[in-house]
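Comments concern the structure below.
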Amino acid sequence: MEQATLRRHAQRGTYDIESAKAIFDDCFIAHVSYVDKGLPQCLPMIALVKKEENEEDEETKSSLGIEDPADEADEKNVNNVVYLHGHPSTRIVELVREASRETNNAAHNVETQIRPSDPVKVCITATKVDGLVLSSAPNGHTFNYRSAVIHGTCTPVKSKTVKRTVMHAVTNHIVANRWEEVNPVASYQVSLVYVIKVNIDSLSIKTRTGPPGIQPRNREVDGPDNETPPWAGVIPLWEQLGEPVESGLTPRAKVSENLRGYIERRNEKQQAYSKHAAN
């Protein structure tokens, strides 16, 4: 995996998968960009950065009675990928499916000299804004933020067991431990879902924390400072989960302790980071 070296404010950049995963884990939605017939496209999607599921091992996992053979592996040797999932009619899914089908056809018909399509390449971005950074002049205003960018190559996931594993992870990405307290997924829903594995080609992480900088001014050219000095500092900003609103679809059901705890823990974590980043 190559580094996508930052050109501006290079000191704010890091290039490790752990930092990228932390940002993606904190973002409910990422943005997936790709090119379709020469036109740039961008979709908001759930993007999970996690260790790669071995499709061959996953297919035999249940029959062998093994919970997860990769759990005992050296984590440093585990390959991390990005998993995307969506409906088969989604355009990016159609492109990945078409590229995979043409590649397979070319492999089985070498004598016809069919040239397979190039694999689908994507750029996936996740960003959290942690504060409004207000300077004493317009060009010093900015944000405190965390941003991760991953470039990768798409391949389809065919294993139903891996698809279920990804659906499990997606559900618990929305609310921790939610999969364990809801009804089992319908088997036909697993068949409807299309999962894309993105092998990571390069990545970069860029963050900003701290107070604003004061931009230099030439008072003879730009004019005098305001008589009343403008306030400069950081307004912390964080995502807040509110009070659950009843749908009426499950009478007699109550908000679980797990859900209450998740809301409280996530709100506290987001608030604490934003206030810490302001200093």
Side-chain angles (χ1 to χ4, degrees), residues 1-33 40 42-49 80 82 122-152 173-174 176 200-243 262-279:
M1 180 177 65
E2 298 179 358
Q3 294 182 357
T5 307
L6 299 180
R7 295 186 177 185
R8 189 169 184 271
H9 294 303
Q11 75 279 5
R12 298 179 184 172
T14 54
Y15 304 94
D16 61 292
I17 187 65
E18 292 80 11
S19 297
K21 175 174 167 52
I23 295 172
F24 274 87
D25 286 349
D26 259 0
C27 293
F28 286 123
I29 295 294
H31 286 85
V32 181
S33 301
C42 184
L43 285 177
M45 301 181 74
I46 295 175
L48 299 176
V49 178
N80 286 279
V82 183
V122 291
C123 175
I124 310 173
T125 305
T127 302
K128 291 287 290 187
V129 177
D130 299 307
L132 312 182
V133 180
L134 311 182
S135 186
S136 58
N139 58 332
H141 286 59
T142 184
F143 299 97
N144 282 340
Y145 62 87
R146 294 164 280 161
S147 182
V149 178
I150 291 177
H151 291 86
H173 171 73
I174 298 172
I200 300 173
D201 299 327
S202 65
L203 65 82
S204 64
I205 301 96
K206 192 174 184 181
T207 62
R208 189 202 186 281
T209 61
I214 301 300
Q215 307 299 318
R217 298 178 69 253
N218 185 329
R219 292 171 178 79
E220 293 183 0
V221 175
D222 302 325
D225 292 347
N226 289 352
E227 185 174 339
T228 301
W231 183 87
V234 177
I235 302 174
L237 180 137
W238 62 88
E239 199 170 50
Q240 181 84 9
L241 298 178
E243 179 68 19
Y262 171 75
I263 292 172
E264 182 178 344
R265 289 191 303 272
R266 193 178 195 281
N267 286 345
E268 289 179 352
K269 177 184 175 183
Q270 298 286 317
Q271 181 177 1
Y273 182 90
S274 297
K275 290 184 175 180
H276 175 76
N279 298 312

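Every value quoted in this text rests on a predicted model; they were computed, and no experiment measured them. Values below: every heavy atom of this structure, side chains too, minus hydrogens, waters and symmetry copies.
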Where Ala126 and Ile23 come nearest, the two heavy atoms and their spacing
O-CG2, 3.7 Å

Beyond-backbone contact of Cys123 with Val149, side-chain heavy atoms, under 4.5 angstrom
yes

When rounded to the nearest 0.5 Å, the distance separating CG of Leu203 from CG of Asp16 is 7.5 Å

Side-chain donor-acceptor contacts of residues 134-143 below 3.5 Å, not counting sequence neighbours, with atom names and distances?
{"residue": "Ser135", "atom": "OG", "partner": "Gly213", "partner atom": "O", "Å": "2.7"}
{"residue": "His141", "atom": "ND1", "partner": "Ala137", "partner atom": "O", "Å": "3.0"}
{"residue": "His141", "atom": "ND1", "partner": "Pro138", "partner atom": "O", "Å": "3.4"}

Quick one: closest heavy-atom pair of Asp25 and His173, and the distance?
O-CE1, 3.7 Å

Checking the side chain of Asn144 only, and the main-chain atoms of Asp130 only, is there a donor and an acceptor separated by less than 3.5 Å?
no

Would you please name every residue forming a side-chain hydrogen bond (donor to acceptor under 3.5 Å, both in side chains) with Ser147, sequence neighbours left out?
Thr127

Quick one: list whatever passes side-chain hydrogen bond (donor to acceptor under 3.5 Å, both in side chains) with Arg217, sequence neighbours left out.
Asp225

Test salt bridge (charged side-chain N to carboxylate O under 4.0 Å, His left out) applied to Glu227 - qualifying residues, sequence neighbours left out
none

Can you tell me how far apart CZ (Arg146) and OG1 (Thr209) are? Round to the nearest 0.5 Å.
10.5 Å

Excluding sequence neighbours, so at least two apart, what forms side chain to side chain contact (heavy atoms under 4.5 Å, CB included) with Asn226?
none

Answer whether the closest heavy-atom distance between the side chains of Ile150 and Val49 falls below 4.5 Å.
yes

Nearest heavy-atom neighbours spanning Ala47 and Val82
CB-CG1, 3.9 Å

Residues forming a side-chain hydrogen bond (donor to acceptor under 3.5 Å, both in side chains) with Gln240, sequence neighbours excluded
Trp238

I need the minimum non-hydrogen distance between Ile263 and Gly242, along with the two atoms involved.
CD1-O, 4.0 Å

For Leu237, enumerate each residue passing the side chain to side chain contact (heavy atoms under 4.5 Å, CB included) test, keeping only those at least two apart in sequence or located in another chain.
Val129, Leu132

According to the salt bridge (charged side-chain N to carboxylate O under 4.0 Å, His left out) rule, which pairs have a member within residues 269-279, sequence neighbours left out?
Asp26-Lys269

Would you compute the distance between atom OH of Tyr145 and atom OG1 of Thr207 and round it to the nearest 0.5 angstrom?
7.0 Å

Among residues at least two apart in sequence or on other chains, which ones pass side-chain hydrogen bond (donor to acceptor under 3.5 Å, both in side chains) with Glu239?
Lys128, Arg266

Which distance, rounded to the nearest 0.5 Å, do you find between the CG of Asn267 and the OH of Tyr262?
9.0 Å

Looking at NZ of Lys206 and OG1 of Thr14, how far apart are the two atoms once the value is rounded to the nearest 0.5 Å?
11.5 Å

In this structure, CG of Leu48 is separated from CG of Asn80 (nearest 0.5 Å) by 12.0 Å

Hey, does the side chain of Arg208 reach the backbone of Gly210 with a donor-acceptor pair shorter than 3.5 angstrom?
yes

